[in-house]
Structures are given as C-alpha cells and as structure tokens.
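Down below is the structure, laid out as structure tokens.
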Amino acid sequence: MAAEIQKKLQKELEVFNSLQKEYQKAVSQKQQLDGQLNENKAVKEELMLLKKDSEVYKLIGPVLVKQELEDARQNVAKRMEYISKEIKRTDVHISALENKQEAIQENVNKLRNNLGNLKIAA
Amino acid sequence: MASVSTAPAPGMHQIDLSKLNLNQLAQLKQQLDQELNVFQDSLQTLKIAQRKFVESGESVEKLKPETKGRTLLVPLTGSMYVPGTIADSENVIIDIGTGYYAQKNVAGAKDYFDRKVKFVTEQMEKIQVLGIEKTKVREAICMMIEMKVQAQAQNTSTS
C-alpha cells in the first residue's frame with residue numbers, strides 16, 4: 001500500500017516538474033513579448049512625432065532601405081497588434097498552467113498525508 | 001509621497017509575516033532576493049543604455065554647419081579606415097528601434113537623445129523606488145525569521 005502511494009507520488013512529482021518547466025518557459029516568453037511590445041510602442045511614438053516629409057529607412061540585412069512614413073506607421077501598428085494577441089495567448093496559457101500546478105500540488109499533498117498516516121498506523 | 005506609499009506596506013506585511021511558518025518565510029525571502037537581483041540587472045542595463053544615449057547626444061552636438069566638407073576617417077572595421085568628407089552636416093539618421101531608422105536634423109536628433117535619456121532615467125528612478133521598498137520588506141522578513149528561530153530555540157530548551 002505504501003509503495004503504491006509512493007509510486008503515485010513519484011509520478012505526480014514528475015508531472016509537476018515538467019509543468020514547472022513549461023511554466024517558466026511561458027513566463028520568459030511573455031517577458032520577451034512584453035519587451036518587444038514596449039520597443040514597438042517607442043518606435044510608434046517616434047514615427048508619430050516625425051514630420052510628414054521625413055525620410056524613414058528600414059534595416060533589411062545590412063542595408064537601409066527607404067520607406068514611406070505611412071507604410072512604416074502601419075507596419076508597426078500591425079506588429080503591435082500581433083504581439084498583443086500573442087501576449088494574450090501566453091497569458092491564457094500561463095494561467096492554465098498555474099491551475100494545473102495547483103491541482104497537482106493538492107494531489108501531492110494528499111498523497112503525502114496518506115503516506116504519513118500509513119506510517120503512523122504501521 | 002514616498003512616506004505615504006511605504007507607511008501602510010510594512011504594517012500589512014507584519015501581520016502577514018507573523019502568521020507564516022519558517023519555511024514560508026524562507027521561501028518568501030528567496031523570492032524577494034530573486035526580485036532584487038532582477039532589479040539590479042535591470043538597473044545595470046538601463047545605465048548602459050543611458051550612457052549610450054548621452055554619448056550619441058554629445059556626438060551629434062559636434063556636428064555643426066562649419067564641419068561640412070571637413071575630412072574624416074570612416075572606420076570600415078575596427079582596424080581599417082577610409083578617408084571621407086562630411087557631405088551633410090545638418091541631417092543624421094537615427095536608429096529608433098525594431099530596424100527602423102529616421103532622418104532628423106541636428107536639433108531634432110539632440111532632442112531625441114535628450115528625451116531618451118530622460119525616459120531611461122525615469123525608469124531607473126522607478127526601479128530604485130521599488131527596490132528600496134522590497135529591501136525593507138526583506139529586512140522585515142529577516143527579522144521575523146530570527147524571532148521565530150529564537151522562539152523555537154527557547155521552546156525546545158524549556159520543554
């Protein structure tokens with residue numbers, strides 16, 4: 001009986017560890033996306049400050065290619081939209097992982113209690 | 001301002017802390033240590049960024065109308081230069097982030113770098129304020145751990 005619970009506990013802990021890894025990955029992904037969004041925000045503000053006839057270039061490989069200001073503005077806006085969507089997706093993923101972790105933590109606690117009770121009974 | 005925001009926080013935490021056991025306190029302390037480390041790293045990065053903006057701003061100031069046509073050596077690699085002349089001393093192209101570059105005149109460029117320095121400095125100040133608050137909480141936790149340890153030691157010695 002005790003060995004069985006021990007085995008279950010081991011399995012749960014393994015799942016918990018892999019969940020934790022996934023969680024950390026998701027969090028760092030979110031941080032990266034946040035950073036990108038912030039950078040794009042700064043760029044958008046800067047593009048808005050430019051006069052209509054200002055020259056704007058885009059870095060493509062090692063060369064600077066001239067771009068229309070309006071195109072650049074739209075491109076950045078589109079990018080921000082995409083990144084915001086990604087952030088929302090990651091948020092959902094993170095909260096789902098949090099819930100899973102909690103559930104497993106509870107399970108682990110229960111199994112540990114069972115194991116402890118068995119030991120006392122024995 | 002600072003006294004208003006920090007005054008209620010320690011009281012709240014003291015109530016929380018006395019209810020936690022040693023394990024939880026240690027965990028909390030570890031978490032705070034990690035957060036403080038992140039703050040330190042961020043401050044370091046911001047300081048580097050700030051210095052770069054200041055340096056760029058200073059460079060742009062050296063570009064005056066009378067520098068037009070002056071010769072200079074353009075670095076092709078770290079150790080190889082080719083001679084060149086300044087054809088346009090009024091406009092510069094600035095990296096505004098995410099691969100975009102914008103042409104600005106010298107005054108506009110100076111303004112850009114000034115704004116960026118101000119922005120970075122503001123962020124640094126924000127982080128510093130947060131860091132001070134976290135350090136205070138950390139101290140409170142350390143004190144509580146010490147108290148709990150002492151109480152435990154007394155309990156075991158009397159029983």
Side-chain angles (χ1 to χ4, degrees), chain A residues 16 20 23-24 27-28 30-84 86-87 98 101-102 105 108-109 112, chain B residues 21 23-24 27 30-31 34-35 37-39 41-46 48-50 52-53 56-57 60 74-78 87-88 90-124 126-127 130:
Chain A
F16 186 72
Q20 211 157 30
Y23 177 75
Q24 269 160 10
V27 168
S28 71
K30 197 204 144 148
Q31 276 169 351
Q32 208 186 340
L33 284 169
D34 268 336
Q36 282 175 350
L37 186 67
N38 277 332
E39 195 182 353
N40 276 293
K41 254 188 221 162
V43 174
K44 192 184 170 199
E45 271 169 34
E46 208 49 54
L47 288 175
M48 286 304 165
L49 281 172
L50 288 175
K51 283 186 213 91
K52 248 195 154 151
D53 52 349
S54 299
E55 287 178 20
V56 177
Y57 301 84
K58 191 171 176 8
L59 187 70
I60 300 173
V63 292
L64 290 176
V65 181
K66 198 170 168 184
Q67 287 231 315
E68 288 300 317
L69 181 57
E70 200 45 47
D71 285 350
R73 281 179 183 163
Q74 272 171 15
N75 193 358
V76 171
K78 226 186 284 169
R79 233 176 359 202
M80 281 174 68
E81 206 182 305
Y82 172 74
I83 294 171
S84 301
E86 280 295 293
I87 287 179
E98 267 171 2
Q101 271 186 351
E102 246 170 66
Q105 183 83 57
V108 166
N109 283 345
R112 277 210 177 118
Chain B
N21 63 33
N23 239 337
Q24 285 167 316
Q27 221 170 28
Q30 206 184 0
Q31 203 182 328
Q34 266 171 13
E35 279 174 43
N37 270 336
V38 172
F39 284 164
D41 287 349
S42 305
L43 270 182
Q44 208 67 38
T45 316
L46 282 170
I48 292 168
Q50 186 190 39
K52 273 189 187 162
F53 283 133
S56 298
V60 117
V74 185
L76 283 190
T77 67
D88 186 352
E90 274 142 46
N91 295 306
V92 288
I93 293 172
I94 299 174
D95 179 0
I96 55 172
T98 70
Y100 279 109
Y101 288 71
Q103 190 176 59
K104 281 180 184 285
N105 59 26
V106 168
K110 186 79 189 96
D111 174 60
Y112 172 81
F113 290 123
D114 282 347
R115 266 189 293 125
K116 285 289 161 185
V117 169
K118 200 174 147 235
F119 175 74
V120 173
T121 311
E122 273 168 18
Q123 300 304 312
M124 282 168 76
K126 269 188 214 163
I127 291 180
L130 281 175

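In what follows, chains are A, B, ... by sequence order, proteins preceding strands, each numbered from 1.
In this structure, chain B has no heavy atom under 4.5 Å from any part of A:Q36. Using a 4.5 Å cut-off between heavy atoms, A:L69 makes no contact with chain B at all. For B:Y112, the part lying under 4.5 angstrom from a heavy atom of chain A is the side chain only. In this structure, the portion of B:I93 lying under 4.5 Å from any heavy atom of chain A is its side chain and not its backbone.
Heavy-atom pairs under 4.5 Å with chain B were tallied for A:L64, A:V76, A:L47; the largest tally goes to A:L64. Interface check for chain A: of the options B:G99, B:G97, B:A102, the most heavy-atom pairs under 4.5 Å are formed by B:G99.
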* Asked: Taking it one step at a time, do B:Y101 and A:E55 satisfy side chain to side chain contact (heavy atoms under 4.5 Å, CB included)?
  -> CA-CA 9 Å; B:Y101 288 71; A:E55 287 178 20; over 6 Å; no
* Asked: So A:N75 and A:D71, side chain to side chain contact (heavy atoms under 4.5 Å, CB included) or not? Walk me through it.
  -> CA-CA 6 Å; A:N75 193 358; A:D71 285 350; over 6 Å; no
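The minimum heavy-atom distance between B:R115 and A:L49, with the atom names listed, is NH1-CD1, 3.2 Å.
Checking side-chain atoms of A:R79 against main-chain N and O of A:N40 turns up no donor-acceptor pair under 3.5 Å. Within the 3.5 Å criterion, the main-chain N or O of B:N21 finds a donor-acceptor partner in the side chain of B:Q24.
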